[in-house]
Amino acid sequence: MLVGYLFSLFQFLGIGHTYWIMITVVAILKPAYSITKKRNLLRLYGTIAGAVIAYGILYFIPVNEALFTILLVSMIMCFSFLKGRYFWAVLFMTIYIFLSFNFLSPGHVNVIFRDRIVDTAIAAVITSVIAYIVLPVWEHTQNLELMKKSADSNLIYFQCVISKFLEEGFDLEEYKVKRKNAIIALANLSDNFQRMISEPKNQQKKLEVVHQFVATSHLITAYTASLSQYVKKEEKYPEIDAEGWSRKIEAEMQKVTYLLNGEKITESLKKESRIEPEDSPLDDLILKRKTELTESEGYDRRDPDKISHLTELKNIHDVLELIYDVAKEQRKVIEKYKSESGSTSDLTAAAPLQS
């Protein structure tokens with residue numbers, strides 16, 4: 001604001017309405033550099049587009065009644081789009097500002113056109129510089145905390161889904177809450193990564209590793225959601241060693257949490273993650289099914305219900321394998337993240353910034 005005010009005192013620049021500089025600074029400047037950059041561009045593009053459209057309206061439409069109607073419509077559209085569509089909000093805002101000043105001082109559209117664009121451009125430069133050098137909030141400082149939340153939410157989400165296979169108490173409403181928490185945590189992590197991409201290259205720290213973690217988090221959430229479609233059915237799946245899979249996958253996912261918190265992985269977790277689930281009955285059923293397919297005379301003895309059940313068993317088994325493989329891959333990603341950080345202390349260094 002102070003820098004914008006100093007610019008407004010420079011009379012030799014020959015621009016008027018310099019308070020627009022400070023108004024634009026207030027509207028654009030945010031603590032996070034990436035958000036400021038995005039709003040800066042939207043403000044600049046919206047102002048230029050709106051100024052051109054308003055100039056055309058004033059040039060081709062001399063009827064005051066029509067101009068007043070356009071002014072009212074522009075005001076309504078501006079405040080309607082202000083929360084979610086900032087470019088369109090600025091565009092309509094510029095139109096109604098031009099029309100308002102034309103009613104107050106007709107015939108000075110060229111002056112308004114020049115001042116509005118120049119003032120906005122000056123404010124854009126000021127906010128870009130200030131956002132970069134004055135206590136900016138870089139997205140990489142928030143990576144660790146968001147990764148922790150995503151990993152914890154995915155673990156809780158998986159535990160809730162697998163509990164149905166363990167024949168434990170399953171609360172549908174509780175399941176919906178945990179699913180929502182996992183999706184929200186994933187969305188926050190993804191948004192953080194997208195904002196990080198728009199930052200200067202020297203602030204895109206460990207970008208590739210964070211990208212891999214975001215991708216694996218998406219896969220774990222998606223595979224868990226695929227597994228959850230079977231928990232809503234009344235059918236049981238005793239052929240699946242749910243306890244073995246639960247211990248194996250949860251151990252691998254807990255390793256990720258341990259590494260993110262800078263803790264040492266315990267031997268018990270290592271042993272749990274190496275458990276081999278006893279799905280031998282499933283293997284026997286698949287082998288029996290293959291035998292039936294090779295025997296033409298066995299066609300009439302096939303039970304559609306058994307075939308459907310076998311298909312579901314195979315799908316569940318495959319999804320559990322996929323969840324484990326992705327959790328294992330995510331653990332390797334975090335180990336790489338840790339090695340690139342240089343030490344465990346580097347991993348935990350970002351945490352105080354969140355407090």
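All values below were derived from every heavy atom in this structure, side-chain atoms included, with hydrogens, water molecules and symmetry-related copies excluded.
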Does any N or O in the side chain of [X] come within less than 3.5 Å of the main-chain N or O of [Y], such that one atom is a donor and the other an acceptor?
X	Y	value
S153	S150	no
Q229	S226	yes
S105	N102	no
R43	V90	no

Do you know the tightest heavy-atom contact between [X] and [Y]?
X	Y	result
Y33	P200	CE2-CD, 3.4 Å
F87	A49	CZ-CB, 4.3 Å
I21	A123	O-CB, 3.5 Å
S198	Q204	N-NE2, 4.5 Å
I249	L320	CD1-O, 3.5 Å
L99	L71	CD1-N, 3.6 Å

Taking atom [atom1] of [X] as the centre, report whether more than 12 heavy atoms of other residues, nucleotides or ligands fall under 6.0 Å from it.
X	atom1	answer
L135	CG	no
Y19	OH	yes
R85	CZ	no

Should [X] and [Y] be regarded as members of a common hydrophobic cluster, given that ILVMFWY residues are connected when their side-chain heavy atoms come within less than 4.5 Å of each other, either directly or indirectly?
X	Y	value
V177	I184	no
V73	I70	yes
L72	M93	yes
V333	I197	yes
I35	M196	no

With a 4.5 Å heavy-atom cut-off, do [X] and [Y] have their side chains touching?
X	Y	answer
I57	F98	no
F213	N143	no
N64	F68	no
L67	F103	yes
K336	E208	yes
V111	F101	no
T36	I130	no
R116	H17	no

Output the distance between atom [atom1] ([X]) and atom [atom2] ([Y]), rounded to the nearest 0.5 Å.
X	Y	atom1	atom2	result
D191	S34	CG	OG	10.0 Å
T120	D115	OG1	CG	10.0 Å
I220	L155	CD1	CG	9.5 Å
I23	T18	CD1	OG1	10.0 Å
Y45	N40	OH	CG	9.5 Å
M147	L260	CE	CG	5.5 Å

Full working for side chain to side chain contact (heavy atoms under 4.5 Å, CB included) between F193 and L146 | CA-CA 10 Å; F193 175 73; L146 292 172; over 6 Å; no
Identified side chain to side chain contact (heavy atoms under 4.5 Å, CB included) counterpart of Y324 within the set K248, E250, M253 = K248
Identify whether the distance between the nearest side-chain nitrogen and carboxylate oxygen of E199 and R195 falls below 4.0 Å.
-> no
Residue that, paired with T216, satisfies side chain to side chain donor-acceptor pair (under 3.5 Å) out of H211, Q330, K332 = Q330
Given F81 and L91, is the side chain to side chain contact (heavy atoms under 4.5 Å, CB included) satisfied, shown in steps?
-> CA-CA 10 Å; F81 286 121; L91 185 147; over 6 Å; no
Start with the C-alpha distance between E174 and K178, add both sets of side-chain angles, then the distance that settles side chain to side chain contact (heavy atoms under 4.5 Å, CB included), and finish with yes or no.
-> CA-CA 6 Å; E174 182 182 6; K178 292 178 179 178; 2.8 Å; yes
Side chain to side chain contact (heavy atoms under 4.5 Å, CB included) between Y157 and S228, worked out | CA-CA 10 Å; Y157 181 31; S228 68; 4.1 Å; yes
Applying salt bridge (Lys or Arg N to Asp or Glu O under 4.0 Å), which residue pairs with at least one partner in residues 316-331 are found, sequence neighbours left out?
-> E252-R331, K314-D318, R331-E335
